Amino acid sequence: MASLAFQANAAPARPYRTGWQAVLADAVRDPAELCRLLGLNHRVAAAAAPSGYPAAGSFPLLVPRTLLSRIQPGDPEDPLLVQVLPRPAERAEVPGYHTDPLGEAQATCRPGLLRKYRGRCVMVATRRCAVHCRFCFRRHFPDHAVPREPVDWQPAFERIAADGSIHEVILSGGDPLALPDEQLAQLAARLAEIPHVTRLRVHTRLPVMIPQRVTEEMLAWIRGSRLTGIVVVHVNHPAEVDAAVAAALGRLVDAGIPVLNQAVLLRGVNDRVEVLADLCERLADLRVMPYYLHQLDRVAGTAHFEVPEATGVRLIEQLRARLPGYAVPRYVRQPPHGPSKWVLA
Ligand SMILES: *Cc1c(COP(=O)(O)O)cnc(C)c1O
Ligand code: SF4
């Protein structure tokens with residue numbers, strides 16, 4: 001009896017994590033397990049496994065279990081699977097594809113702070129994500145460039161406070177919503193102390209990958225801030241939006257938060273007008289406004305995802321002939337320099 005009582009009173013080594021944090025921690029990391037869960041041939045797993053693919057070591061497979069039910073079992077070309085499963089093609093060295101095609105090292109003015117465009121700046125709040133998207137333009141982003149502890153943000157806050165032209169702070173990553181709400185609430189409070197900052201934009205894939213992430217605590221710090229909160233999610237294919245994701249997006253919009261979507265144009269995922277039209281209509285039905293369709297950034301390991309710009313321009317023209325104007329995203333490319341993203345169509 002005594003030993004049982006002792007065990008019951010022993011404090012856990014770490015705080016017990018529930019809800020979205022448990023889902024985040026429990027993500028699939030082993031290609032063989034992913035393939036087993038999805039009924040895929042072991043050869044697909046072998047091609048993705050880190051032993052046969054050293055480059056995946058720095059950006060390994062990461063898939064939350066909440067995504068699995070949206071992937072068609074047994075289909076190696078499933079448009080959601082293609083976004084997350086490492087392929088041998090990632091190893092190809094293709095001229096013109098670099099580790100930092102957007103010149104982000106040069107745009108980094110303080111640890112974790114990117115300054116490129118007038119009026120707004122980007123805080124890379126964490127390197128962590130709920131999912132590793134194989135086409136990610138920050139897949140080679142250096143670890144050391146991201147502050148680890150809240151105290152390490154001080155130089156970024158000071159830089160923002162010293163520049164009265166900054167009206168909007170964009171939390172990016174990684175995925176800023178991988179951080180706990182207490183930490184995000186502190187960050188938002190700190191930014192709200194800077195009088196010339198009026199808006200806080202959150203770029204995130206978490207509400208789509210792990211819809212449980214949209215908690216009351218999260219809505220509270222966004223809505224409770226003096227800053228106007230805007231959430232930009234990232235959905236590339238309509239199959240990513242199941243009932244739970246639709247409900248999560250609904251909670252955000254019901255809280256009065258403007259929600260926009262950015263997508264990346266990806267070969268084999270969304271490079272057909274039917275898919276893009278379905279995506280945009282599904283989002284508009286959910287009160288999520290299509291914002292940007294990004295041309296792929298030429299980051300090393302992603303060349304097999306590229307769709308020619310001429311195809312993208314044609315797809316946008318076809319969308320415009322089918323959809324209301326507000327449901328057609330701007331097709332853009334991120335240049336390494338220049339005052340804004342380039343609008344291609
Ligand atoms: C994309 C981007 C922004 C935001 O651009 P918007 O056109 O306002 O969405 C800001 N800073 C950097 C470095 C960016 O890459
Ligand atoms: S969630 Fe965003 S930052 Fe993270 S891997 Fe995907 S695209 Fe990159």
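All ligand and atom numbering here is 1-based and tracks the order in the structure. Numbers here are sequence positions counted from 1. Since we're looking at a predicted model, the values are computed, not measured.
- In this structure, atom 8 (O) of ligand 1 lies nearest to the protein heavy atom Arg120 NE, 2.6 Å.
- In this structure, Leu319 CG and Glu274 CD are separated by 10.0 Å, a value rounded to the nearest 0.5 Å.
- Here Leu102 contributes atom CG and Asp297 contributes atom CG; the two are 4.5 Å apart, rounded to the nearest 0.5 Å.
- Heavy-atom proximity to Lys116, at under 4.0 Å, picks out these atoms of ligand 1: 13 (C).
- Phe157 and Trp153 have tilted rings, their planes meeting at an angle from 30° to 60° on a 0 to 90° scale.
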*Would Thr204 and Arg213 satisfy side-chain hydrogen bond (donor to acceptor under 3.5 Å, both in side chains), going step by step from the backbone distance to the final call?*
CA-CA 11 Å; Thr204 176; Arg213 178 64 186 91; over 6 Å; no

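- Summarising the geometry, atom CG belonging to Leu191 is positioned 9.5 Å from atom CZ belonging to Arg226; distances are rounded to the nearest 0.5 Å.
- Using a 30° and 60° split on the angle between ring planes, His132 and Phe59 fall in the parallel class, below 30°.
- Ligand 1 lies within reach of Arg201, whose nearest heavy atom is under 4.0 Å from it.
- Shown in contact with Tyr291 at under 4.0 Å from a heavy atom are these atoms of ligand 1, numbered in order with element: 6 (P), 7 (O), 8 (O), 9 (O).
- The nearest protein atom to atom 11 (N) of ligand 1, hydrogens excluded, is given as Val122 CG2, 3.2 Å; this is a heavy-atom distance.
- Nearest heavy-atom pair across Val241 and Arg282 is O-NH2, 3.2 Å.
- Scanning the protein heavy atoms around atom 7 (O) of ligand 1, the nearest turns out to be Tyr292 OH, 2.5 Å.
- Annotation: the span from Asp175 atom CG to Arg205 atom CZ amounts to 9.5 Å, rounded to 0.5 Å.
- Between Tyr117 and ligand 1, no N or O atom pair is found at a separation short of 3.5 Å.
- If you number the atoms of ligand 1 from 1 as listed, the ones under 4.0 Å from a heavy atom of Lys341 come out as 1 (C), 2 (C), 3 (C), 5 (O), 14 (C), 15 (O).
- Note that the CG atom of Leu344 and the CZ atom of Arg330 stand 12.5 Å from one another [nearest 0.5 Å].
- Protein heavy atom in closest approach to atom 4 (C) of ligand 1: Ile170 CD1, 3.6 Å.
- Rounded to the nearest 0.5 Å, atoms CZ (Arg70) and CG (Leu67) are 5.0 Å apart.
- Taking every heavy atom of both residues into account, Arg267 and Glu306 meet most closely at NH1-O, 3.6 Å.
- Only protein atoms were considered; those of element N, O or S under 2.8 Å from atom 6 (Fe) of ligand 2 number 1.
- Residue Arg118 does not touch ligand 1, judged by heavy-atom distances below 4.0 Å.
- Ligand 1 has a nitrogen or oxygen under 3.5 angstrom from a nitrogen or oxygen of Gln334.
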